[in-house]
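Below is one structure, written out as structure tokens; the observations come after it.
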Protein chains: 2
Amino acid sequence: MSEAEEKGLRRAILDTARQLLTTVGYAHLSMRNIAKEIGYSATSIYLHFESKDDLIHALIDEGVDVLFRELSQADVASSSSEQRLEAMCRAYVRFGLERSEYYGIMYVLHPEYIKRYPVDKYRKARRNLEIMAQAVQDGIEAGVFRKVEPMLAANLAWAQLHGIVTLLSSERVDKRIDPDVFVDAGCRHVVSGLFTPERLAGRHAS
Amino acid sequence: MSEAEEKGLRRAILDTARQLLTTVGYAHLSMRNIAKEIGYSATSIYLHFESKDDLIHALIDEGVDVLFRELSQADVASSSSEQRLEAMCRAYVRFGLERSEYYGIMYVLHPEYIKRYPVDKYRKARRNLEIMAQAVQDGIEAGVFRKVEPMLAANLAWAQLHGIVTLLSSERVDKRIDPDVFVDAGCRHVVSGLFTPERLAGRHAS
DNA sequence: ACATTGGATTAACGCCGTTATTTGGGTCCG
DNA sequence: CGGACCCAAATAACGGCGTTAATCCAATGT
């Protein structure tokens with residue numbers, strides 16, 4: 001009971017913080033306004049998190065899991081490795097744009113603002129790249145993709161997708177460009193950049 | 001004389017702020033530590049800038065100019081449009097990594113942290129995309145690039161380069177990947193993604 | 001009935017951006 | 001010369017921040 005309530009308060013803090021991230025953003029997220037929202041004093045949060053960074057790390061943890069679930073879902077829902085990769089690209093961008101409360105603290109917040117993410121949690125975060133690298137690897141073995149270093153290709157794909165998400169969500173992309181067209185072109189560009197010349201020659205018109 | 005000194009102080013503020021951006025980063029840049037550095041009180045800065053955002057906007061202005069100069073230099077230093085585009089890509093990444101004091105406030109700082117960049121300065125900032133779009137356009141006319149919307153292609157290229165810069169400088173790229181190889185692969189990917197199938201068939205081994 | 005525990009609060013510290021007020025030296029004019 | 005004015009610059013202060021220290025108080029155990 002007291003354990004349940006303790007968990008309850010911890011969850012309430014996390015949920016409130018996440019909600020405030022969507023409404024006021026990280027720049028205006030404070031221990032004091034989280035506390036006010038749940039009817040406690042700011043210092044009470046320190047009974048459950050040792051610092052604001054610690055709280056954010058807990059949320060990042062959640063975000064990493066959510067993203068992994070969505071990538072996995074896209075992975076199994078498709079058949080060919082190229083379709084799987086493209087589906088994951090779209091899932092990544094969708095996650096970045098629709099769950100920006102997570103995306104912002106996971107990948108946008110500059111490390112200088114926040115203590116380094118604990119080393120022992122890196123492994124879990126890396127799964128989100130490895131699942132994409134695996135699709136690249138499979139494509140190579142299927143003869144659809146060129147023989148590239150899968151991890152290099154995955155990181156490069158990540159950079160493309162990350163750029164698309166951040167430029168779109170910070171409204172830096174030219175307004176005359178339709179966001180859907182932009183995302184579409186980006187995802188196809190990621191995949192087609194891996195095609196063998198033969199596979200490429202047979203692709204449909206852009 | 002008094003005019004020169006006034007300009008001198010304004011310059012001193014800008015230079016000190018820029019230097020602090022490289023040493024302590026935006027998160028720890030404050031009106032008070034800028035002032036301490038130049039031996040004035042914090043409030044004196046308000047005689048030259050109406051707010052911290054205003055000061056940062058002035059620095060962004062400088063950064064936009066510096067980037068434009070470097071892109072232009074890369075543009076004229078090469079001959080074929082594909083070489084020009086690739087040279088500009090490399091110049092962009094170099095700017096992002098080496099002048100990160102500018103890059104951070106220009107393209108990384110989330111808009112929620114800072115007042116919107118004044119509309120009348122957008123035009124100048126847009127030149128940095130248009131110069132790349134022009135290279136795409138030229139490549140199309142030369143028959144080297146596929147017939148794509150130049151502005152869409154430029155923004156997509158920008159997203160790729162921006163992703164590379166931000167992931168590298170926030171140390172989020174897998175440590176086993178050589179940064180130079182990463183940048184290299186990224187820039188070539190941007191360019192080769194635009195090639196016509198014929199031009200692509202004749203490219204060298206990856 | 002008393003001591004102990006531990007969740008929760010208030011007070012306080014040193015930062016922050018910014019505004020209001022005050023200082024103080026120079027210049028202009030009667 | 002003396003007083004009015006100006007204006008760069010400083011100090012004080014406001015409300016907000018993350019965080020720590022001290023305090024309160026109700027429930028628990030003996």
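Just so you know, these numbers come straight off a predicted model, no measurement behind them. Convention: sequence-line order gives letters A, B, ...; per-chain numbering from 1.
Here A:K52 contributes atom NZ and A:I45 contributes atom CD1; the two are 10.0 Å apart, rounded to the nearest 0.5 Å.
Aromatic ring pairs are classed by plane angle as parallel below 30°, tilted from 30° to 60° and perpendicular above 60°; the pair B:H162 and A:H162 is parallel.
B:L29 comes within 4.0 angstrom of the backbone, heavy atoms only, and of no base. At the heavy-atom level, B:S30 lies under 4.0 Å from the strands shown only through sugar-phosphate atoms.
A straight line from CD1 of A:I114 to P of D:dC17 spans 17 Å, rounded to a whole angstrom. Whole-Å rounding puts the B:L9 CG to D:dC7 P distance at 17 Å. For the pair A:L47 CG and C:dT5 P, the interatomic distance rounds to 17 Å; values are reported in whole Å. C:dG17 atom P lies 14 Å from atom CZ of B:F49, rounded to whole Å. B:D54 places its CG atom 14 Å from the C1' atom of C:dG17, with the value rounded to the nearest Å. If you take CD1 of A:I38 and C1' of C:dG7, they are 13 Å apart, rounded to a whole angstrom. Here the P atom of nucleotide D:dA9 and the CD1 atom of B:I45 are 12 Å apart, to the nearest Å. Distance CG (A:N33) to C1' (D:dG16): 11 Å, rounded to an integer number of Å.
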Which pairs, protein N/O on one side and nucleotides 18-20 of chain C N/O on the other, fall under 3.5 Å?
unit_1	atom_1	unit_2	atom_2	d
C:dT18	OP2	B:Y46	OH	2.7
C:dT18	OP2	B:K52	N	2.8
C:dT18	O5'	B:Y46	OH	3.2

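For residues 165-176 of chain B, the salt bridge (charged side-chain N to carboxylate O under 4.0 Å, His left out) pairs, not counting sequence neighbours, are B:D174-B:R176. Identified under the ring-ring contact (aromatic ring centres under 6.0 Å, His included) test for residues 53-87 of chain B, with sequence neighbours left out: B:H57-B:Y117.
The side chain of B:S44 places no N or O atom within less than 4.0 Å of a non-bridging phosphate oxygen (OP1 or OP2) of D:dA9.
Residues that satisfy the ring pair (Phe, Tyr, Trp, His ring centres under 6.0 Å) test with B:Y113, not counting sequence neighbours, are A:Y113. Looking at residues two or more places apart in sequence or on another chain, you find a side chain to side chain donor-acceptor pair (under 3.5 Å) between A:D65 and A:K124.
You'll find the ring centres of B:F95 and B:Y107 outside the 6.0 Å limit.
Donor-acceptor pairing under 3.5 Å is recorded for the side chains of A:Q137 and A:E141.
Two end axes, each from the C1' atoms of five base pairs, can be drawn for the helix from C:dA1-D:dT30 to C:dG30-D:dC1; they diverge by 40°, to 10 degrees.
In this structure, B:N155 contributes its side chain and B:M151 its backbone to a donor-acceptor pair below 3.5 Å.
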